[in-house]
Amino acid sequence: MISQFFILSSKGDPLIYKDFRGDSGGRDVAELFYRKLTGLPGDESPVVMVTARGGHHDGRHFIHIRHSGLYLVATTWANISPFSLLELLSRVATLLGDYCGSLCEATISRNVALVYELLDEVLDYGYVQTTATEMLRNFIQTEAVVSKPFSLFDLSSVGLFGAETQQSKVAPSSAASRPVLSSRSDQSQKNEVFLDVVERLSVLIASNGSLLKVDVQGEIRLKSFLPSGSEMRIGLTEEFCVGKSELRGYGPGIRVDEVSFHSSVQLDEFESHRILRLQPPQGELTVMRYQLSDDLPSPLPFRLFPSVQWDRGSGRLQVYLKLRCDLPPKSQALNVRLHLPLPRGVVSLSQELSSPEQKAELGEGALHWDLPRVQGGSQLSGLFQMDVPSLPGPPGHGTPTSASPLGLGPASLSFELPRHTCSGLQVRFLRLSCRPCGNTNPHKWVRHLSHSSAYVIRI
């Protein structure tokens, strides 16, 4: 049972506000939430907050999630499980993405009437009625206002469901921003299905080059535009195994530590043939999640070899960075950026880069080295010289040293690896049985993508 639901922009502007029980005392509850949120120290705020005793909002619980820069918030006076409300907010976010095409401030502003109609059907007097897309489509009458047509030049981050990055110049469909439930009068709706294997890589490397930590969080995400009743079979790598004790096949196994499946996935063929079978509803869902720690089947995608020379007498700091890409020669990394925190007081920067498409700049107390495209097996370098007059140094005035000065590093890398998975997991096939499609063959798009979550290298 919830009292209010509202959506705030990243700046705290209310986009949607719904009072289900009339016990809120007005819209100032959204402002109260944002004040509490911004008043907390650190970047990560708790998902559950409670107002202090003795005020007008005495004992009110705020439960929220952040999605695409928006805050989805539910409030309640009741002592109910916060996990159930977090699940509800996550499901509402998915519904808004299904009906509006994508979840962002622009689409919410364009589809206010549709959002309120969805909330009226999902919640009645604060009690959940249904969050099933298939059931809601029988009651929702408002049509979505679709965002502007897809453009390659608008892509600046990892695109899902057929939207590749700008550098690859591949965009088989605008499904990433298209509503799943199109206009009832639109007979040209394509029967399409998009399957993405997305992995997030977290790495910590010591200053001597030894690997301290590695972690891969993976998901198989599905976005389906197929009619109800369609059956799907997803074949994974036959050598895929869960846990260290299980080995399959004759080659090196593709191992993960943990795996979980969506409730709609049928696993009767998984143990024998590594096939997932399901009848997906229209919309987005995560078919499978998995995790791998401390043991990658392939080398890390990048190695950094830094060299630091520091002359306190002249205030000159010289940093030489050599970046080696250990991907296979036919693979490549896109949107590579190295972020290196610098000591305070840097007043100038001179640079020598190994290729003309690279660029480097100072900003917010750090060096940013951008490499739009790095081919597997290649090696790139940059020599950076900086003047740091106020930099304190060790004993031995004016003597150059290779010791890292205070405030330098650690370096962090961000990148995207198209058509590559760090765990080695691949989709062998995607087979559809779509009787409602008639003689029309549905379009299938399968993509593999890895990107950095936290790739940190100590200097």
Give a yes or no answer on whether the side chain of [X] reaches the backbone of [Y] with a donor-acceptor pair at less than 3.5 Å.
{"X": "Asp98", "Y": "Glu284", "value": "yes"}
{"X": "Arg274", "Y": "Phe240", "value": "yes"}
{"X": "Asp257", "Y": "Ser293", "value": "yes"}
{"X": "Asp13", "Y": "Ser9", "value": "no"}
{"X": "Thr38", "Y": "Tyr34", "value": "yes"}
{"X": "Ser450", "Y": "His420", "value": "yes"}
{"X": "Gln351", "Y": "Ala360", "value": "yes"}
{"X": "Ser109", "Y": "Glu105", "value": "yes"}
{"X": "Ser423", "Y": "Leu425", "value": "yes"}
{"X": "His368", "Y": "Gly363", "value": "yes"}

Compare all side-chain heavy atoms of [X] with those of [Y] and state whether any distance is below 4.5 angstrom.
{"X": "Phe225", "Y": "Val193", "value": "no"}
{"X": "Phe302", "Y": "Val374", "value": "yes"}
{"X": "Ile254", "Y": "Cys241", "value": "no"}
{"X": "Ile459", "Y": "Leu340", "value": "yes"}
{"X": "Leu278", "Y": "Leu222", "value": "yes"}
{"X": "Asp387", "Y": "Arg316", "value": "yes"}
{"X": "Leu334", "Y": "Val336", "value": "no"}
{"X": "Phe384", "Y": "Leu349", "value": "yes"}

Should the heavy atoms of other residues, nucleotides or ligands under 6.0 Å from CD of Gln379 be counted, would the total exceed 12? yes
More than 12 heavy atoms from other groups under 6.0 Å of CZ on Phe429: yes
What distance separates [X] [atom1] from [Y] [atom2], expressed to the nearest 0.5 Å?
{"X": "Gln426", "Y": "Arg419", "atom1": "CD", "atom2": "CZ", "value": "11.5 Å"}
{"X": "Ile205", "Y": "Leu304", "atom1": "CD1", "atom2": "CG", "value": "8.0 Å"}
{"X": "Leu103", "Y": "Thr94", "atom1": "CG", "atom2": "OG1", "value": "9.0 Å"}
{"X": "Ser210", "Y": "Arg458", "atom1": "OG", "atom2": "CZ", "value": "9.0 Å"}
{"X": "His64", "Y": "Leu72", "atom1": "NE2", "atom2": "CG", "value": "10.0 Å"}
{"X": "Ile275", "Y": "Leu236", "atom1": "CD1", "atom2": "CG", "value": "9.0 Å"}

Write down the atom of [X], the atom of [Y], and the distance for their closest heavy-atom approach.
{"X": "Cys422", "Y": "Pro297", "result": "O-CD, 3.5 Å"}
{"X": "Ile63", "Y": "Pro82", "result": "CG2-O, 4.3 Å"}
{"X": "Pro343", "Y": "Val388", "result": "CB-CG1, 4.4 Å"}
{"X": "Leu89", "Y": "Ala74", "result": "CD2-CB, 4.1 Å"}
{"X": "Gln375", "Y": "Pro329", "result": "NE2-O, 2.9 Å"}
{"X": "Asn111", "Y": "Glu143", "result": "OD1-O, 4.2 Å"}

Arg303 to Phe305, cation-pi by 6.0 Å centre distance and 45° axis angle: no
Only one of Lys223, Met232, His262 passes side chain to side chain contact (heavy atoms under 4.5 Å, CB included) with Pro280, and that residue is Met232
Tell me, with the steps shown, if Tyr71 and Phe6 meet ring pair (Phe, Tyr, Trp, His ring centres under 6.0 Å). CA-CA 8 Å; Tyr71 295 100; Phe6 49 90; 9.9 Å; no
I'd like to know whether Val203 forms a side chain to side chain contact (heavy atoms under 4.5 Å, CB included) with Leu212, so could you lay out the CA-CA distance, the side-chain angles of the two residues, the decisive distance to 0.1 Å, and finally the verdict. CA-CA 8 Å; Val203 170; Leu212 299 179; over 6 Å; no
[X] bridged to [Y] by N-O distance under 4.0 Å:
{"X": "Glu231", "Y": "Arg431", "answer": "no"}
{"X": "Arg221", "Y": "Asp196", "answer": "no"}
{"X": "Arg324", "Y": "Asp326", "answer": "yes"}
{"X": "Glu219", "Y": "Arg289", "answer": "yes"}
{"X": "Glu357", "Y": "Arg373", "answer": "no"}
{"X": "Arg91", "Y": "Glu87", "answer": "no"}

Run the side chain to side chain contact (heavy atoms under 4.5 Å, CB included) check on Leu8 and Phe33 step by step: do they pass? CA-CA 10 Å; Leu8 303 181; Phe33 163 78; 3.7 Å; yes
Tyr290 and Val242: CA distance, side-chain angles, deciding distance, side chain to side chain contact (heavy atoms under 4.5 Å, CB included) verdict: CA-CA 9 Å; Tyr290 56 94; Val242 182; over 6 Å; no
Trp369 and Gln358: side chain donor to acceptor below 3.5 Å: yes
Centroid-centroid under 6.0 Å between His451 and Phe415 rings: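 Centroid distance His451-Phe415: not below 6.0 Å, so no.
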Dump the intermediate steps for side chain to side chain contact (heavy atoms under 4.5 Å, CB included) on Leu201 and Val214, then the final yes or no. CA-CA 7 Å; Leu201 177 64; Val214 60; 4.0 Å; yes
